Amino acid sequence: MRRTVLVALLLIAAAAVPAVTPAASAATSSLRYNTFERPERGTAYTLGAWAQDGWTAPWEQGMSTRTWIDGYNFSHTGGKSLRVFYPKGKIGPADSGAQAPLQLTRGREYYLSYWVRFSSDFSWGTTEFAGKVGLGLAGGGSCSGGQVCDGTNGFSSRMIWRSGGKAAIYYYHMGHAGQYGDFVDLTRPDGSLIYYPRGQWVNLVQRLRVNTVTAGSANADGEIDIWYNGVQAASIRGLRFVTNADQVDKAYFSSFAGGATASFAPANDSWIWYDDLKVSNARGDICELSGGCHTRTFQAEAYTLMNGVTTAATSDTGGGQATAFDTGDWIAFGNVNVPKPARYLVEYRIATAASNARLSLDINAGATPLGEVTLPNTGGTTQWRTVSREVEVPAGTHQFGLYASTGGFSVNWWKLTQIA
């Protein structure tokens, strides 16, 4: 039995299938996503870097100077996330946060989901308190910034923070009440207000449906819905956005402190982390809205079959044991249920002093290879790092196998998380 599995796994190493990138999959699905796992950690996430991951924008503010791929501190999944900087005393997109109108295929309705984490001492302002959070949905001329939305200059809808971190949706539409856009506070089912927590990941999902138009007049049937950690927190109906053919065409990254005056500026340097961005015109692509994104973590020493590996106490956070691989070693995990066919992020918690170690993953004794990842030199066998790749996994009960194409590394745990 073990010899049969080992032969199958050896075949996988020679025929590993590369993962499909978000850019490649966008051609056949409305779903677009970004886990921020591709770029080198410690680098700015420029428009060029966005483009490598399948996202384009005609301009940006702050992406080159105030963003950073964090592979050292915090991530929601995988080993990396996008960190954005909000400097003390600064307001507006020229000096705070980042902006880029990421282009989408035009559509009447879109869902936008991402995870957000405020720094533990995040400043909501000085004597006045407001700012934009992450991404929103927009179309046409993206009416905002105190403009009057006349039905021909587009619309925008973005998340904001208010005093004390109060969470709200801020939107520009035809007939907004004042010079600036309207807002609705997010609430829980019991009616209590929602406040963004510091130092904790939360999920935000926004849905926007553009109104219909009859003979050049806007019908009051536009809609916005917001979910906070999978629970509906706002529902706005009867909106008029356009009198022309404009639709949603931007996932608008628009995040900065302010407010129009320095009184809105952070009282101290502050940061927000973003991860697991998804945009789709289909609700079913947003697993956060369908009971959560299936995830499972496996301790490497808890294998059901193995060949050649050894285990020892680990220096990694949380302790326990790690499993060491030489070339040709493998471990297998039986009876793993995958509830639906989907794209998954597979994460490996590894330590190695080698610079060319390679680890492959398969299901069902090599019948379906899921690809191979080259492991980075983590700085030694007691220095731990999370690396990841994206894989397509069919539904069913499977045996997963991890195989050392080139050994010299240890694995503490590995994890599967549904992307959509």
Side-chain angles (χ1 to χ4, degrees), residues 26 30 32 47 50-51 55-63 91-94 97-114 130-160 168-184 204-226 234-256 258-260 277 279-283:
S30 68
R32 301 177 65 187
L47 278 194
W50 278 99
W55 304 76
T56 60
W59 55 268
E60 60 89 10
Q61 290 179 291
M63 287 294 179
I91 62 167
Q99 280 204 132
L102 301 165
Q103 305 298 288
L104 301 175
T105 302
R106 293 174 69 254
R108 183 167 300 282
E109 179 179 63
Y110 267 100
Y111 291 81
L112 166 68
S113 172
Y114 56 92
K132 313 298 186 297
V133 182
L135 296 97
L137 294 169
S142 304
C143 179
S144 61
Q147 294 176 313
V148 173
C149 301
D150 62 11
T152 67
N153 59 348
F155 55 90
S156 61
S157 177
R158 295 166 289 175
M159 302 305 301
I160 61 171
I169 178 67
Y170 178 68
Y171 55 102
Y172 275 78
H173 62 112
M174 296 174 64
H176 54 83
Q179 178 183 355
Y180 297 99
D182 293 332
F183 68 87
V184 170
L204 298 172
V205 178
Q206 177 182 163
R207 167 187 173 265
L208 189 149
R209 181 174 176 82
V210 179
N211 62 273
T212 58
V213 177
T214 302
S217 295
N219 299 315
D221 55 7
E223 300 177 349
I224 295 174
D225 289 297
I226 305 295
S235 180
I236 309 168
R237 297 293 185 264
L239 295 172
R240 297 181 304 129
F241 294 111
V242 301
T243 59
N244 58 14
D246 285 344
Q247 297 184 350
V248 179
D249 59 17
K250 302 175 188 69
Y252 195 5
F253 202 112
S254 178
S255 188
F256 53 88
L277 162 65
V279 188
S280 177
N281 57 17
R283 176 176 173 144

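Predicted, not measured: the structure shown is a model, and the values here were computed from it.
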My understanding is that only residues two or more places apart in sequence, or in another chain, count here; which of them pass side-chain hydrogen bond (donor to acceptor under 3.5 Å, both in side chains) with Gln247?
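Expected list: none.
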Between the side chain of [X] and the main-chain N/O of [Y], is any donor-acceptor distance below 3.5 Å?
| X | Y | answer |
| --- | --- | --- |
| Ser113 | Val205 | no |
| Lys250 | Gly140 | yes |
| Arg207 | Arg283 | no |
| Ser255 | Lys132 | yes |
| His176 | Gly146 | no |
| Asp182 | Gly175 | no |

Side chains of [X] and [Y], heavy atoms from C-beta outward: is any pair under 4.5 Å?
| X | Y | answer |
| --- | --- | --- |
| Tyr114 | Leu204 | yes |
| Leu102 | Leu135 | yes |
| Met159 | Ile169 | yes |
| Val213 | Arg240 | no |

Compare every heavy atom of [Y] with every heavy atom of [X], then report the nearest pair and how far apart it is.
| X | Y | value |
| --- | --- | --- |
| Pro58 | Gln103 | CD-NE2, 3.5 Å |
| Ile91 | Gly259 | CD1-O, 4.1 Å |
| Ser157 | Leu208 | CB-CD1, 3.6 Å |
| Pro101 | Tyr252 | CA-CD1, 3.9 Å |
| Ser144 | Arg158 | CB-NH2, 3.5 Å |
| Val210 | Asp246 | CG1-O, 3.8 Å |

Do Leu277 and Phe253 pass the side chain to side chain contact (heavy atoms under 4.5 Å, CB included) test, and can you show the C-alpha distance, the side-chain angles, and the key distance before you say yes or no?
CA-CA 11 Å; Leu277 162 65; Phe253 202 112; over 6 Å; no
Could you go step by step and tell me if Glu109 and Asn281 meet the side chain to side chain contact (heavy atoms under 4.5 Å, CB included) rule?
CA-CA 6 Å; Glu109 179 179 63; Asn281 57 17; 5.6 Å; no
For the atom pair [atom1] ([X]) and [atom2] ([Y]), what is the distance rounded to the nearest 0.5 Å?
| X | Y | atom1 | atom2 | value |
| --- | --- | --- | --- | --- |
| Gln99 | Phe256 | CD | CZ | 5.0 Å |
| Leu47 | Trp59 | CG | CH2 | 9.5 Å |
| Glu223 | Arg108 | CD | CZ | 11.5 Å |
| Asp221 | Arg209 | CG | CZ | 7.5 Å |
| Leu104 | Tyr110 | CG | OH | 5.0 Å |

Check the pair Thr152, Met174 against side chain to side chain contact (heavy atoms under 4.5 Å, CB included), reporting the backbone distance first and the verdict last.
CA-CA 10 Å; Thr152 67; Met174 296 174 64; over 6 Å; no
State which residue, out of Tyr172, Tyr171, Phe241, fulfils the ring-ring contact (aromatic ring centres under 6.0 Å, His included) condition with Phe155.
Phe241
Worked check of side chain to side chain contact (heavy atoms under 4.5 Å, CB included) between His173 and Asn211:
CA-CA 10 Å; His173 62 112; Asn211 62 273; over 6 Å; no
